[in-house]
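Chain identifiers are assigned alphabetically (A, B, ...) following the order of the sequence lines, protein sequences preceding nucleic acid strands; residue numbering begins at 1 within each chain.
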There are 2 protein chains.
Amino acid sequence: MSNLCSDEGKILYQLNEIFKQISPKFEKCTGISQSRLDLLHKLFEVDETSQTELQKAVNIDSAAVTRHLKQLEGKGMVTRRKNPNDNRFTFVSLTDEGRERIVSFRKEKEQFITKVLRDFSEEEQTSLSNMLSRIQKNVKDIQY
Amino acid sequence: MSNLCSDEGKILYQLNEIFKQISPKFEKCTGISQSRLDLLHKLFEVDETSQTELQKAVNIDSAAVTRHLKQLEGKGMVTRRKNPNDNRFTFVSLTDEGRERIVSFRKEKEQFITKVLRDFSEEEQTSLSNMLSRIQKNVKDIQY
DNA sequence: CTTAATCAATTGACGGGTCAATAGTTGACT
DNA sequence: AGTCAACTATTGACCCGTCAATTGATTAAG
């Protein structure tokens, strides 16, 4: 009875730790934060899109999206303009420079990911991914 | 070639999403943030300890530890006093009230965890935990 | 036409984390 | 003794996320 939540709790603890350890290393390796890279990545695929679309794709608060994009704009990675047909929306797109730079970011990210999954076989990866999906579903189903 | 980092990248993405989804739900279900509960949990085990010990156990910055403990002290969950033999250290311990309340927190946490791991067999849990350990190790080995 | 509802984006206040600088204490060495 | 290095805790500045309130634009209804 010494450890009320040890065995099961360990997994929660591990998920936590992994996240805390991955985030800063990811940033140091790739030179950009995960959220920002996600934003750029999405822009890379779609050319031009609204901020709400981006927000849904990246799954962070729209306030955070606004702030990220403003900074990325300041760094010349991104341009923003109002939708002429509906001034509520702002369209966002990569600049040429941004489009160029994201290529190397993606490469860094790939390298990072292969390091994280070193020694994981194809089967293990799908097995892990499936378990994580199940956890995700369980979490979603939790009622307050 | 459409998705350069899809298959492997998915796992990183999932880990991220799970963390983002778990944190707020955990807090709503248990009534306390994970870090704070970790602090209290550690205190529950050891009676009285220094802040650096706590910091190591919980694995967050010492600045954050200080701020958490000050707030917990304000809420009467925790008491702090200087180590009489070495005034650099401050000893922290649960108050009676804190000790009492943490019991229910732990119960909430256990319930939360079982919900997160619903439908996971014993074997699956250990398998998952092992994989997470391997990932943790891989992350630790990453050089900048 | 004007009013109300809705929607996108922005802003401010806050929680929680990091790092870097500082204050205060201790211990060791000359 | 006195100085210097090491160590704990604290503080301030910053990043990143949330929520809630606000602004500006559009649309729907009377």
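B:Gln51 and B:Ser62 form no side-chain donor-acceptor contact under 3.5 Å, judged by distance and modelled atom types alone. If you check the side chains of B:Ser50 and B:Thr52, you find a donor sitting under 3.5 Å from an acceptor.
Evaluation of the ring pair (Phe, Tyr, Trp, His ring centres under 6.0 Å) test over residues 97-124 of chain B, restricted to residues two or more places apart or in two chains, returns B:Phe26-B:Phe112. Listed by first and then second residue, the salt bridge (charged side-chain N to carboxylate O under 4.0 Å, His left out) pairs that reach into residues 22-32 of chain A come to none, sequence neighbours excluded.
With sequence neighbours excluded, the residues forming a side chain to side chain contact (heavy atoms under 4.5 Å, CB included) with B:Thr79 are B:Ser93, B:Thr95, listed by chain and number. The side chain to side chain donor-acceptor pair (under 3.5 Å) check on B:Glu123 picks up B:Ser121, with sequence neighbours excluded. With sequence neighbours left out, the salt bridge (charged side-chain N to carboxylate O under 4.0 Å, His left out) criterion links A:Glu100 to no other residue. With sequence neighbours left out, A:Arg81 forms a salt bridge (charged side-chain N to carboxylate O under 4.0 Å, His left out) with A:Glu48. Remark: B:Arg88 pairs with B:Asp86 by the salt bridge (charged side-chain N to carboxylate O under 4.0 Å, His left out) rule, at least two apart or across chains. For B:Asp61, there are no salt bridge (charged side-chain N to carboxylate O under 4.0 Å, His left out) partners, not counting sequence neighbours.
For the OP1/OP2 pair of D:dT10 and a distance below 4.0 Å, the side-chain nitrogens and oxygens of B:Thr66 include at least one atom meeting the criterion. Distances shorter than 4.0 Å separate none of the side-chain N or O atoms of A:Gln55 from OP1 or OP2 on C:dA9. Of the side-chain N and O atoms in B:Lys70, one or more sit less than 4.0 angstrom from OP1 or OP2 of D:dT11.
A rotation axis mapping the C1' atoms of four pairs onto the next four is fitted at both ends of the helix from C:dC1-D:dG30 to C:dT30-D:dA1 over five pairs, and the angle between these axes is 20° to 10 degrees.
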Shorter than 3.5 Å, N or O on both sides, protein versus nucleotides 23-28 of chain D: list them out with atom names.
unit_1 : atom_1 : unit_2  : atom_2 : d
D:dT26 : OP1    : A:Asn87 : N      : 3.2

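Straight-line distance from the CD atom of B:Gln34 to the C1' atom of D:dT18: 16 Å, rounded to whole Å. Atom CZ in A:Arg80 sits about 12 Å away from atom C1' in C:dA8, given to the nearest Å. In this structure, B:Arg81 places its CZ atom 16 Å from C1' of D:dT8, rounding to the nearest Å.
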For residues 69-77 of chain B, tabulate all N or O donor-acceptor pairs below 3.5 Å that involve a side-chain atom, not counting sequence neighbours.
unit_1  : atom_1 : unit_2  : atom_2 : d
B:Gln71 : OE1    : B:Arg36 : NH2    : 2.9
B:Glu73 : OE1    : B:Arg80 : NH1    : 3.2

Quiz item: Which letters describe nucleotides 14-23 of chain C, given B = protein heavy atom under 4.0 Å from base, S = only from sugar-phosphate, - = neither?
Solution: --SSBB----
